[in-house]
Amino acid sequence: MNKLGDFRFPSPVFLGIGQMAATIMILYVSKLNKIIHFPDFDKKIPVKLFPLPLLYVGNHISGLSSTGKLSLPMFTVLRKFTIPLTLLLETIILGKQYSLNIIVSVFTIILGAFIAAGSDLAFNLEGYIFVFLNDIFTAANGVYTKQKMDPKELGKYGVLFYNACFMIIPTLVISVSTGDLQQATEFSEWKNVLFIIQFLLSCFLGHAAERLLPCPRFLLMCSTALCSYYNSALTTAVVGAIKNVSIAYIGMLVGGDYIFSVLNFVGLNICMAGGLRYSFLTLSSQLSPKQPVDEENTPLDLKS
């Protein structure tokens, strides 16, 4: 069965608009049916969200623009640079501190990415630029989403809903001004029922997962938000990296666009090893019993 990329659809920004519209529709209908809850609109919401809407649309456009310009395994490897960027931004913006073992695990993933990318036999400069931009936007979006998801404020679903609401019109303006909308309307396959089905499905699918393993777009966004809410933006980035390396292994067998080299394969395995090490350290720290508090020796001001 063909994927949307097989039709060579020329308008990634227009597809992003479709994905935003799908997000708005699903979350709003869910709110009306009391499946989820988020606050009604008021004039303070734009201030509470900033700069998330800008990061949101940047993440959408750069991600959609990078899809299809690289082989699936190389796309997956280069996305690993989201992880150290997330670690750096969490340290600066959220004031988090990580152990040396965690930092070593993160840079093990990056070492593997460098090894794999350095042996890429199908180098595409435009693809690399878009992927690195997507890494920056993804890291910043994850960290600021974690910062903004206070249940007393917008909450998890409010962040997702209002992000899409605020940016769908500016994104439409970008699509019109760049000729993206014109290319979309003039695309020859709109009379092809299979293409229309694929386009509508892609509005509910993640741009990276759509290449191989479709996943409902709104579920992907909500699960990402929940992971950041209950853990951290860095953990979300690492979990995504492990998932994507698994997809890369499958892509070697069924994608048809992977050019094998020993260094590339070794790099992918180093990435996976670093990701698994990070997961082990994170789970160990969460499962380890907390130190008991000595009530008798606790100062009165701390007890109060």
Side-chain angles (χ1 to χ4, degrees), residues 2-19 55-86 109-142 171 174-175 178-180 183-184 187 198-199 202 205-215 217 220 237 240-241 243-261 263-268 270-272:
N2 289 338
K3 304 186 292 294
L4 183 66
D6 295 333
F7 291 98
R8 300 187 182 279
F9 184 64
S11 307
V13 179
F14 185 80
L15 177 58
I17 293 170
Q19 292 180 345
L55 298 174
Y56 179 82
V57 72
N59 190 26
H60 257 74
I61 294 174
S62 61
L64 290 168
S65 298
S66 64
T67 303
K69 290 183 170 59
L70 300 170
S71 67
L72 178 59
M74 282 313 307
F75 176 86
T76 302
V77 167
L78 293 175
R79 289 288 286 136
K80 301 298 176 294
F81 288 93
T82 299
I83 300 172
L85 290 171
T86 301
I109 297 172
I110 302 310
L111 174 63
F114 268 116
I115 293 173
S119 62
D120 184 12
L121 301 180
F123 181 82
N124 183 314
L125 180 60
E126 183 183 2
Y128 275 53
I129 291 173
F130 275 118
V131 172
F132 283 127
L133 284 174
N134 191 224
D135 291 342
I136 294 170
F137 281 118
T138 300
N141 187 68
T171 306
I174 292 172
S175 181
T178 59
D180 180 90
Q183 287 183 318
F187 188 57
Q198 288 291 333
F199 180 84
S202 293
L205 305 179
H207 57 265
E210 184 268 340
R211 296 188 61 173
L212 186 62
L213 300 175
C215 173
R217 175 67 178 175
L220 176 64
K243 179 258 300 180
N244 287 337
V245 170
S246 300
I247 293 175
Y249 287 137
I250 299 173
M252 293 177 188
L253 301 176
V254 301
D257 58 355
Y258 177 67
I259 302 175
F260 177 82
S261 75
L263 286 178
N264 187 275
F265 184 72
V266 169
L268 286 174
I270 293 175
C271 282
M272 177 60 83

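It should be emphasised that the depicted structure is a prediction, and the values quoted were computed from it without experimental measurement. In what follows, every heavy atom counts, from backbone to side chain, and hydrogens, waters and symmetry copies are set aside.
- Residue Ser11 comes nearest to Ala184 through the heavy atom pair OG-N, 3.1 Å, listed as atom of the first residue, atom of the second, then distance.
- Note that CD1 of Ile129 and CG of Asn134 are 13.5 Å apart. Values are rounded to the nearest 0.5 Å.
- For the atom pair Leu55 CG and Thr138 OG1, the distance stands at 10.0 Å (nearest 0.5 Å).
- Under the 3.5 Å distance criterion, the side-chain polar atoms of Asp180 are matched with a main-chain donor or acceptor of Phe14.
- Between the side chain of Ser62 and the backbone N or O of Phe130 there is no donor-acceptor pair closer than 3.5 Å.
- Expressed to the nearest 0.5 Å, how far CG of Asn59 lies from CG of Leu133 amounts to 11.0 Å.
- Atoms CG and OG1, on Asn141 and Thr86 in that order, are 10.0 Å from each other to the nearest 0.5 Å.
- Separating the CD1 atom in Ile110 from the CG atom in Leu85 is a distance of 8.0 Å, to the nearest 0.5 Å.
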